[in-house]
Participant: 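I'd like to ask some things about the structure below.
For the single chain, residues carry numbers from 1 onward in sequence order. Quantities reported herein were computed from a predicted structural model and do not represent experimental measurements. Every heavy atom of this structure was used, including side-chain atoms; hydrogens, water molecules and symmetry mates were not.
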Amino acid sequence: FASIASGWEGTTQVPVAGALQVFAFVGFLELAVMKDITGGEFPGDFRNDALDYGWDSFDEETKLQKRAVELNQGRAAMMGLLALMVHDKL
């Protein structure tokens, strides 16, 4: 791994077999694991009656607030990654 550069330059130096392994693993997760089997309580609810962590004990207002916080954290993470990509290209 020491011979592979960091940032976007490193993506072109990854061997094809390694990139295909990552692509196949992500495809497997998308098609087999991350499935919305039970319909869910809301779009993106992948608990599938397996993981709860007390979600059903919250009232509707708390659930909406927690989903809004999670959405904002996701947006912040996307902006952070965008900033890292821009910084890498400067």
Participant: Flag yes if Met78 and Leu84 sit in one hydrophobic cluster, no otherwise; membership is Ile, Leu, Val, Met, Phe, Trp, Tyr, and two members link when side-chain heavy atoms are under 4.5 Å apart.
Facilitator: no
Participant: Not counting sequence neighbours, list each pair that qualifies as a salt bridge (charged side-chain N to carboxylate O under 4.0 Å, His left out) and has a residue in residues 66-89.
Facilitator: none
Participant: Between Phe25 and Val22, is there a side-chain heavy-atom distance shorter than 4.5 Å?
Facilitator: no
Participant: Return the CD1 to OG1 distance between Ile4 and Thr11, rounded to the nearest 0.5 Å.
Facilitator: 10.5 Å
Participant: Share the residues that join Phe23 in a hydrophobic cluster, the rule being Ile, Leu, Val, Met, Phe, Trp or Tyr side chains under 4.5 Å apart at the heavy-atom level.
Facilitator: none
Participant: Would you list the pairs meeting salt bridge (charged side-chain N to carboxylate O under 4.0 Å, His left out) in which at least one residue belongs to residues 53-64, sequence neighbours left out?
Facilitator: Glu41-Lys63, Arg47-Asp56, Glu60-Lys63
